[in-house]
Amino acid sequence: MIIVTARVPKRRLLAGGITALCCCAVVAAALLVTLGGRAVAASAEVKHIRTNDDRLAYLGGLGWQVSPQPIATEELLIPEEFDDSYAGYLKLQQDQGFDLSRYCGKRVKRYTYQLTNYPSQAEPVQIALLIYKDKVVGGQIQSASGSFLHGLAMPGVGDSGAQPSASPSPAPAFGELV
């Protein structure tokens with residue numbers, strides 16, 4: 001058995017510890033930058049969506065190109081209790097990982113944008129985000145005429161919320177405030 005001993009001054013030990021800590025910070029920052037450039041998941045609440053640029057970046061991360069400004073901004077009141085007319089819409093949101101039941105009685109903002117890169121669609125298509133404080137808590141894509149409604153993911157990506165609804169049901173109006 002070989003035993004190696006070394007005497008290291010406290011200054012060198014402290015400098016080595018600081019160096020190791022800095023290396024870890026650089027690796028963590030590099031991971032954040034790398035992962036930040038990948039597509040944003042549409043299946044969970046996303047925080048820190050405060051400005052129009054944040055919303056545009058979120059939608060861009062999903063692969064969508066939209067008008068630079070929302071075509072509509074509305075403040076909505078999520079009902080205290082959902083009746084049967086909300087069943088399809090709540091399922092659509094749940095399939096995407098959003099749980100609107102957590103926001104019963106809360107005021108949310110709905111930002112609606114015109115989609116410019118929806119695949120093979122002749123009529124105008126819109127995308128709407130539901131924002132509570134600074135979190136995306138729901139959203140959908142729908143034709144302007146209401147002929148289809150589906151989740152935020154691009155069609156054909158394999159997400160169950162991405163396929164257009166066979167029997168379209170319009171997004172509920174909730175209680176509009178503004």
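These numbers come from the heavy atoms of this one structure, side chains and all, not from hydrogens, waters or symmetry mates.
Side-chain contact between L56 and T51: absent, with no pair of heavy atoms (C-beta onward) separated by less than 4.5 Å. Taking 4.5 Å as the limit, some side-chain heavy atom of N52 sits within range of a side-chain heavy atom of Q69. Side-chain atoms of Y86 and P79, non-hydrogen and from C-beta on, do get closer than 4.5 Å to each other. L115 has its side chain within reach of I141: a pair of non-hydrogen atoms, C-beta onward, lies under 4.5 Å apart. Using a 4.5 Å heavy-atom cutoff, the side chains of L90 and S101 are not in contact.
A side-chain donor-acceptor contact under 3.5 Å links Q93 to the backbone of G139. Although no hydrogens or angles enter the test, the distance criterion places a donor-acceptor pair under 3.5 Å between the side chain of Q114 and the main chain of V125. Formation of a donor-acceptor pair under 3.5 Å by the W64 side chain with backbone atoms of L152 is found in this model.
The one candidate from L129, I127, L92, T112 that meets the side chain to side chain contact (heavy atoms under 4.5 Å, CB included) condition with Q140 is L92. Put simply, the residue from K109, R107, R110 that forms a salt bridge (Lys or Arg N to Asp or Glu O under 4.0 Å) with E74 is R110.
Among pairs with a residue in residues 78-90, none fulfils salt bridge (Lys or Arg N to Asp or Glu O under 4.0 Å), at least two apart in sequence or across chains.
D54 pairs by the salt bridge (charged side-chain N to carboxylate O under 4.0 Å, His left out) definition with nothing, not counting sequence neighbours. With sequence neighbours left out, the side chain to side chain contact (heavy atoms under 4.5 Å, CB included) criterion links P68 to no other residue. D134 meets the side chain to side chain contact (heavy atoms under 4.5 Å, CB included) test with H48, R50; sequence neighbours excluded. The side chain to side chain donor-acceptor pair (under 3.5 Å) test applied to S67 returns no partner, not counting sequence neighbours. Taking Y111 as the reference, nothing meets the side chain to side chain donor-acceptor pair (under 3.5 Å) condition, with sequence neighbours excluded. Looking at residues two or more places apart in sequence or on another chain, you find a side chain to side chain contact (heavy atoms under 4.5 Å, CB included) between A144 and P124, Q126. Legend: residues meeting salt bridge (charged side-chain N to carboxylate O under 4.0 Å, His left out) with K91, ordered by chain and number and at least two apart, are D95. In this structure, the side chain to side chain contact (heavy atoms under 4.5 Å, CB included) partners of Q65, at least two apart in sequence or on a different chain, are T116, N117.
Proximity of the aromatic rings of Y89 and H150 is defined here by a centroid distance below 6.0 angstrom, and this criterion is not met. Remark: aromatic rings of Y103 and F98 are distant, center separation not under 6.0 Å.
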- Where do I131 and V108 land on the side-chain contact (heavy atoms from CB on, under 4.5 Å) test, with the steps shown first? CA-CA 6 Å; I131 309 282; V108 298; over 6 Å; no

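L100 and V137 get closest at one heavy-atom pair: CD2-O, 3.6 Å. The minimum heavy-atom distance linking S143 with S147 is given by the pair OG-N, 2.7 Å.
Counting only N and O atoms by type, the side chains of R55 and Y113 include a donor and acceptor under 3.5 Å apart.
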